[in-house]
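Notes follow once the structure below has been shown.
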Amino acid sequence: MDLRSLIAPRLVAHAHCDIPCGIYDPTPAKIAADTVAKMVEKITGATGGDEASRNTFIRSVAVKEEHAQICKKELLILWTDYFKPEHLEKYPKLHDTFWKAAKLCSKNKQSVDAKAAADLQAAVTEIADIFWATKK
Amino acid sequence: MRPATLVFRVAVAGASMEPTFRDGDWLLVRKLSRPPRAGEVVVATDPREPARLLVKRVSSVAHGRVTVHGDHPGASTDSRQFGPIPDSAVVGRPFLRYAPLHRIGFVK
């Protein structure tokens with residue numbers, strides 16, 4: 001028998017909260033980032049000057065804007081509400097990762113840039129990987 | 001749930017006692033033979049489920065009724081929901097956090 005199991009408590013004292021104060025999940029941020037990338041693709045590939053094409057083009061720009069904002073909001077919820085000081089101890093780059101990801105959301109609003117969209121997708125994936133690692 | 005020995009060990013589960021205790025902290029608990037006092041942390045049986053132990057801080061004691069709260073009120077189920085508990089429900093008082101190593105310390 002090792003020392004750890006020798007000194008480990010056999011009882012649990014609950015310091016619980018019955019009400020889930022938040023169900024956190026990085027998936028909405030991921031979907032929003034993927035949507036931004038898809039819209040960049042549509043905007044870049046848009047052709048035709050007829051009304052229907054122009055309507056589609058404008059809608060793609062609007063959806064890109066909207067989902068970049070959703071992505072930022074979802075990231076901020078994870079950053080400020082889910083992650084705790086002990087996570088930061090384990091992932092010292094956490095603040096920097098979130099800050100850069102949030103900035104990429106803004107960059108994707110300002111521009112039509114496939115690289116910025118791919119960078120955002122990568123940043124959100126990185127955050128999702130950290131999130132799921134903390135759930136293990 | 002009544003441990004047999006004068007001193008017993010418990011593992012903390014949950015975040016309602018942060019920052020005093022974190023999920024996974026290991027505590028040494030001494031059985032309490034006197035009534036609990038306001039301000040001290042206690043281990044008590046859950047009034048809703050007597051086989052289960054809770055760890056909370058005593059806010060007030062009056063006429064054998066003990067009001068308990070988590071140190072992290074935003075993430076705690078305590079006397080705000082289940083009301084005061086009888087002082088007979090109080091089992092002991094954690095006095096030492098003995099693991100993890102970097103968090104060893106006396107309980108305030």
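Here is the naming used below: chain letters follow the sequence lines, and residue numbers restart at 1 for every chain. All values derive from a computational prediction rather than experimental measurement.
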For A/H14 versus B/K56, what's the shortest heavy-atom pair and its separation?
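It is O-CE, 4.4 Å.
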Might you confirm whether atom [atom1] of [X] has over 12 heavy atoms from other residues, nucleotides or ligands at distances under 6.0 Å?
| X | atom1 | value |
| --- | --- | --- |
| A/K100 | NZ | no |
| A/H95 | NE2 | no |
| A/W132 | CH2 | yes |
| B/R34 | CZ | yes |
| A/R59 | CZ | no |
| B/K31 | NZ | yes |

Same cluster (ILVMFWY, side-chain, under 4.5 Å), A/L76 and A/F131
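Yes, one cluster joins them.
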Can you measure from CG (B/L27) to CG (A/L11) and round to the nearest 0.5 angstrom?
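One gets 11.5 Å once the value is rounded to the nearest 0.5 Å.
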If contact means a heavy atom pair closer than 4.5 Å, which residues of residues 7-21 of chain B contact chain A?
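Those residues of residues 7-21 of chain B which have a heavy atom under 4.5 Å from chain A are B/F8, B/R9, B/V10, B/A11, B/V12, B/A13, B/G14, B/A15, B/S16, B/M17, B/E18.
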